[in-house]
Amino acid sequence: MRLWTTLRAAARNRRGIAGPPRFLTYTVTFACNARCVMCDSWRMDGRGDLTVEEIGRIFAQIPPLDAVRLTGGEPFVRQDLGDIVRLAGERLRPLAMHVTTNGFLTDRIVRVLEGRDRSVPMTVLVSVDGEGRKHDEVRGHDRAWEMAIRTLRALAPRQGELNVRLRVNQTIVDAEGLEHYRRLKGVLRPLGLLPQPVIAYETSATYNLERGIDVAPTEPGRFDARADLDPRALRAWLAEVQEDLRALPYPERLGKRYYLSGIGHRLLGGAARPNPRCVALNAHLRIFPDGTVPTCQFNSHAVGSLRERSFEEVWSGEPAGVQREWVARCPGCWAECEVVPSAVYTGDILKEALRRNTAAAPERREGGRA
């Protein structure tokens, strides 16, 4: 039944018809114990975050979801994160959950994972942006590397026991990040892990001290990277990462290849390919720490407050309709947290995989004859 509901949602999304959400990105707090160079979240104090009671009331109004992503800021600075995880499982009934962390608070992270309902798979994405001092510099903390590695070592051997999939996210903020990807591979290999990189964009509406702003691309194929990357080095690096992805399970490999394909086209040729219909304010619901519902990663105009109004009023209200019209006109961004849900909930991810396989088939035949 859940699969059928998701397939119907994908059909609606392809036609641009609004429906109930299937995927939630909930920023539980903007407060953070890091000082990352690419983010202003740590400059926010976290006051005004929803209480556990408010969260429970809001979650009870949202229909069952396929996936719930908890992020920040740093989610684990909330001492009640275990309660939030429990409420998400009980009231949203997701098939899978996901939490992103900088890995600083090892003991608290382990306690939350030990205490949760383990029947729901949980992906734990630990951010590691380079080896040693490089990671410390990016995260603005002289023990960032030490603490993140401690968390990885604590969780790696317990993934089966905790029903956790441990992953490592590397944000490329400058040209050195390409080489540090290779260094991280060596460090993480004994733990059975592989860095999964993303290219930092220049600015975000979500992680910005200003609210109600639109910093989305203004033309198709536009991606303003924070790093100044040499095209030849980037091309070689992308090929290396694509090859490394063979080690990942197929669904993850599919999503990561989709993202990297789009990055390559945008940074090396300015092409808007792939470019799925965006599902922001449709299959993809975002909730900010204070309960406001923004449009997307690059447009923080709110369509209402779940602290003040019911979910149905916010989701079906006039402001949501206005912002959905904006989404329909948007030429398309390339933030992984936006494009992967859009690719999944329109079916474009399968279309792109088929295109890639068709394009590769002649090369495989030639290789077989050689």
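Excluded from the calculations below are hydrogen atoms, water molecules and symmetry mates; all remaining heavy atoms, backbone and side chain alike, are included. Predicted model, so just to flag it, every value in this text is computed and none were measured.
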Show me the donor-acceptor pairs within less than 3.5 Å that the side chains of residues 229-239 make with the rest of the protein, sequence neighbours left out.
{"unit_1": "D230", "atom_1": "OD2", "unit_2": "R232", "atom_2": "N", "d": "3.2"}
{"unit_1": "D230", "atom_1": "OD2", "unit_2": "A233", "atom_2": "N", "d": "3.0"}

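Under the salt bridge (Lys or Arg N to Asp or Glu O under 4.0 Å) criterion, the residue pairs touching residues 306-318 are E54-R307, with sequence neighbours excluded. Screening residues 236-247 for salt bridge (Lys or Arg N to Asp or Glu O under 4.0 Å) gives R182-E240, K185-E240, K185-D244, E243-R246 as the qualifying pairs, with residues at least two apart or on separate chains. Applying the ring-ring contact (aromatic ring centres under 6.0 Å, His included) test to residues at least two apart or on different chains, none of the pairs has a partner in residues 63-95. Sorted by first and then second residue, the ring-ring contact (aromatic ring centres under 6.0 Å, His included) pairs involving residues 99-139 (not counting sequence neighbours) are F104-H141. Pairs of residues two or more places apart, or lying in two chains, that qualify as side chain to side chain donor-acceptor pair (under 3.5 Å) and include a residue from residues 210-220 are D214-W326.
Other residues sharing the hydrophobic cluster of F288, ordered by chain and number and joined by side-chain separations under 4.5 Å: F30, M44, Y207, L209. Members clustered with L354: none, using a 4.5 Å side-chain heavy-atom cutoff among hydrophobic residues.
Taking E146 as the reference, R143 meet the side chain to side chain contact (heavy atoms under 4.5 Å, CB included) condition, with sequence neighbours excluded. Listed by chain and number, the residues in a side chain to side chain contact (heavy atoms under 4.5 Å, CB included) with A328 amount to none (sequence neighbours excluded). With sequence neighbours left out, D174 forms a side chain to side chain contact (heavy atoms under 4.5 Å, CB included) with K134, E176. Under the rule for a side chain to side chain contact (heavy atoms under 4.5 Å, CB included), the partners of T100 that lie at least two apart in sequence or sit in another chain are R69, T71, H98, L125, S127.
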**OP:** Run the numbers on H284 and T25 for side-chain hydrogen bond (donor to acceptor under 3.5 Å, both in side chains), then give the verdict.
**Re:** CA-CA 8 Å; H284 189 183; T25 297; 2.8 Å; yes
